[in-house]
Amino acid sequence: MAASATQEADCKASEDARLFFDAAKPPPFRIGDVRAAIPAHCWRKTPLRSLSYVARDLLIVAALLVAAASSIDLAWAWAWPLYWAAQGTMFWALFVLGHDCGHGSFSDSAMLNNVVGHLLHSFILVPYHGWRISHRTHHQNHGHIERDESWHPVHLNKAARITEKLYRKLETRTKKLRFTLPFPLLAFPVYLWYRSPGKTGSHFLPSSDLFSPKEKSDVIVSTTCWCIMISLLVALSCVFGPVPVLMLYGVPYLVFVMWLDLVTYLHHHGHNDLPWYRGEEWSYLRGGLTTVDRDYGWINNIHHDIGTHVIHHLFPQIPHYHLIEATKAARPVLGRYYREPEKSGPLPLHLFGVLLRSLRVDHFVSDVGDVVYYQTDHSLNGTDWAEDAKHK
């Protein structure tokens with residue numbers, strides 16, 4: 001009887017431990033354990049395979065462009081939104097391939113990575129090296145409140161919510177731009193020029209503190225390529241008129257920007273158990289585990305499985321065409337630290353609900369504590385924060 005009771009108690013304790021999960025606790029595994037679970041071939045880069053994706057995407061972009069340019073009249077007005085959505089999505093796919101070049105997961109050749117990266121990113125008005133360097137900083141510091149580079153949270157003392165000085169550190173205009181649609185989905189060009197709120201510098205200027213002295217020549221090359229693309233667009237506008245250029249290139253560019261901001265945001269928001277860290281609580285592994293995988297339905301293949309994001313964040317050297325297999329192999333090690341993505345229909349319409357909810361609740365983190373979570377500024381949702389605070 002005693003033995004039976006002991007076994008039953010052990011089983012209950014084991015079940016309680018299984019059900020209880022604290023994402024803020026250090027994981028019971030090391031990054032080396034995750035790496036060891038991933039098959040060796042997942043790390044191999046095949047340049048011809050990588051280039052085949054570039055060829056595929058460029059052919060689709062060219063075909064869409066030719067089809068739209070040959071029908072640029074009012075009779076086809078109904079088809080323009082379809083073109084803008086399709087071409088903007090392809091611009092986003094090109095960005096992902098250039099992003100892989102920046103990580104070195106495109107090939108083992110730095111020259112090939114830089115040439116392809118410049119061609120792809122310059123075409124969609126992204127300064128390749130400037131963005132590559134800041135994105136590297138993001139990966140190396142993700143989840144660290146002060147050092148992370150993109151989509152880092154506003155951090156304020158929770159006590160400030162009970163005074164009229166709420167968010168005085170963050171002006172009303174900035175709050176509106178950060179938490180009110182459509183502005184968060186149009187943030188990328190502003191980020192390239194001015195970085196995130198609270199940070200200074202520019203992805204275009206070699207003098208920016210984003211870059212080390214040895215990286216300044218790279219930044220100059222990328223900014224020059226960006227200027228060449230801008231000059232080409234201006235020249236085409238002078239020859240054919242600004243309206244055709246706007247319809248064929250400008251609107252798809254905006255769709256691409258919205259894709260980039262949407263995907264980037266959702267990979268780092270939308271779960272109530274995503275901690276942010278300070279000081280010694282932060283580690284590369286713990287920061288990487290606060291990213292989220294997302295399912296984009298038919299778009300998964302089009303944008304090269306960038307939704308398989310957790311393993312990419314931990315090991316950005318893995319080519320995109322091995323990310324799904326690597327994730328499946330690593331999931332037994334990651335356990336509850338891997339958040340299973342919600343299954344999508346053909347189009348990822350469910351993610352707009354996730355986005356809207358996150359913008360309503362994920363506003364700031366406390367400036368007290370080394371492990372913190374997003375809190376909600378109720379005044380942004382139409383609630384009198386002061387009255388709300390009195391009842392807490």
Side-chain angles (χ1 to χ4, degrees), residues 38-69 86-136 139 188 218-219 221-226 228-229 232-233 248-249 252-253 255-257 259-260 263-264 296 298-309 311-329:
I38 298 173
H41 69 266
C42 288
W43 301 86
R44 297 193 199 107
K45 306 150 196 173
T46 308
L48 286 179
R49 185 172 182 181
S50 297
L51 287 168
S52 72
Y53 290 106
V54 175
R56 182 197 75 174
D57 289 358
L58 289 177
L59 283 173
I60 295 174
V61 168
L64 289 170
L65 183 61
V66 169
Q87 191 70 295
T89 302
M90 292 312 303
F91 282 13
W92 164 234
L94 293 179
F95 175 87
V96 175
L97 292 177
H99 151 275
D100 288 357
C101 292
H103 279 302
S105 60
F106 189 87
S107 78
D108 287 321
S109 168
M111 179 176 290
L112 180 61
N113 291 335
N114 290 339
V115 169
V116 175
H118 271 105
L119 290 173
L120 296 179
H121 274 194
S122 299
F123 176 70
I124 51 177
L125 298 179
V126 178
Y128 171 70
H129 278 308
W131 182 84
R132 173 187 66 81
I133 294 166
S134 74
H135 188 62
R136 178 190 65 197
H139 268 258
F188 184 62
D218 288 340
V219 176
V221 170
S222 297
T223 301
T224 302
C225 290
W226 185 91
I228 291 172
M229 185 62 195
L232 176 60
L233 291 172
L248 292 170
Y249 181 91
Y253 170 78
V255 173
F256 146 65
V257 167
W259 263 119
L260 188 151
V263 171
T264 304
Y296 295 90
W298 288 343
I299 310 298
N300 286 331
N301 181 262
I302 295 174
H303 70 186
H304 309 292
D305 293 313
I306 194 62
T308 313
H309 203 69
I311 288 299
H312 164 70
H313 234 284
L314 292 174
F315 307 111
Q317 308 85 1
I318 295 179
H320 74 263
Y321 40 84
H322 291 317
L323 284 175
I324 293 178
E325 182 181 0
T327 298
K328 289 180 179 177

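Not measured: the values here are computed from a predicted model. Atom set for the values below is all heavy atoms of this structure, side chains included, hydrogens, waters and symmetry mates excluded.
Asn113 and Cys101 make their closest contact through O-CB, 3.2 Å (heavy atoms, listed as atom of the first residue, atom of the second, distance). Considering every non-hydrogen atom in both Ala93 and His304, the closest pair reads O-CD2, 3.5 Å. The two residues Ala326 and Ile318 have their closest heavy-atom pair at CB-CD1, 4.2 Å. Across all their heavy atoms, Leu94 and Ile124 have their closest contact at C-CD1, 4.5 Å. When all heavy atoms of Trp226 and Leu125 are compared, the pair lying nearest together is NE1-O, 3.2 Å. In terms of heavy atoms, Pro39 sits closest to Glu325 at CG-OE2, 4.0 Å.
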Checking Phe188 against Trp259 for the side chain to side chain contact (heavy atoms under 4.5 Å, CB included) test, could you report, in this order, the C-alpha distance in whole Å, the side-chain angles of both residues, the deciding distance, and whether it holds? CA-CA 10 Å; Phe188 184 62; Trp259 263 119; over 6 Å; no
Take Thr46 and Tyr321 through the side chain to side chain contact (heavy atoms under 4.5 Å, CB included) test and state the conclusion after the steps. CA-CA 10 Å; Thr46 308; Tyr321 40 84; 3.9 Å; yes
Take Thr89 and His303 through the side-chain hydrogen bond (donor to acceptor under 3.5 Å, both in side chains) test and state the conclusion after the steps. CA-CA 8 Å; Thr89 302; His303 70 186; over 6 Å; no
Might you work through the side chain to side chain contact (heavy atoms under 4.5 Å, CB included) test for Val116 and Leu51, ending with a clear yes or no? CA-CA 9 Å; Val116 175; Leu51 287 168; 4.1 Å; yes
Step by step, work out the side chain to side chain contact (heavy atoms under 4.5 Å, CB included) result for His99 and Trp131. CA-CA 9 Å; His99 151 275; Trp131 182 84; 3.5 Å; yes
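Ring geometry, His139 versus His309: the interplanar angle falls from 30° to 60°, so the pair is classed tilted. Using cut-offs of 30° and 60° for the angle between ring planes, the His312 and His135 rings count as parallel. Note on ring orientation: taking the six-membered ring where Trp is involved, the planes of Trp92 and Phe95 are parallel (angle under 30°, cut-offs 30° and 60°).
Rounding to the nearest 0.5 Å places CG of Leu248 at 8.5 Å from CD of Gln87. Here Ile306 contributes atom CD1 and Ile299 contributes atom CD1; the two are 14.0 Å apart, rounded to the nearest 0.5 Å. Ile228 CD1 to Leu233 CG: the interatomic distance, rounded to the nearest 0.5 Å, is 12.5 Å. From Ile324, atom CD1 reaches atom CD1 of Ile311 across 12.5 Å, with rounding to the nearest 0.5 Å. To the nearest 0.5 Å, atoms OH (Tyr128) and CG (Asp218) are separated by 9.5 Å. The NZ atom of Lys45 sits 11.5 Å away from atom CG of Leu112, with the distance rounded to the nearest 0.5 Å.
Between the Lys328 side chain and the Leu323 main chain, no donor and acceptor come within less than 3.5 Å of each other.
Under the 4.5 Å side-chain criterion, counting only non-hydrogen atoms from C-beta, Asn301 is not in contact with Asp305.
Looking at residues two or more places apart in sequence or on another chain, you find a side chain to side chain contact (heavy atoms under 4.5 Å, CB included) between Arg44 and His41. Listed by chain and number, the residues in a side chain to side chain donor-acceptor pair (under 3.5 Å) with Ser105 amount to none (sequence neighbours excluded). Applying the ring-ring contact (aromatic ring centres under 6.0 Å, His included) criterion to Phe91, with sequence neighbours excluded, gives Phe123, Tyr249.
Tested against His320, the residues Tyr53, Phe315, Phe106 include a single ring-ring contact (aromatic ring centres under 6.0 Å, His included) partner, Tyr53. A side-chain hydrogen bond (donor to acceptor under 3.5 Å, both in side chains) with Ser222 is found for one member of His118, His129, Arg132 and no other, namely His118.
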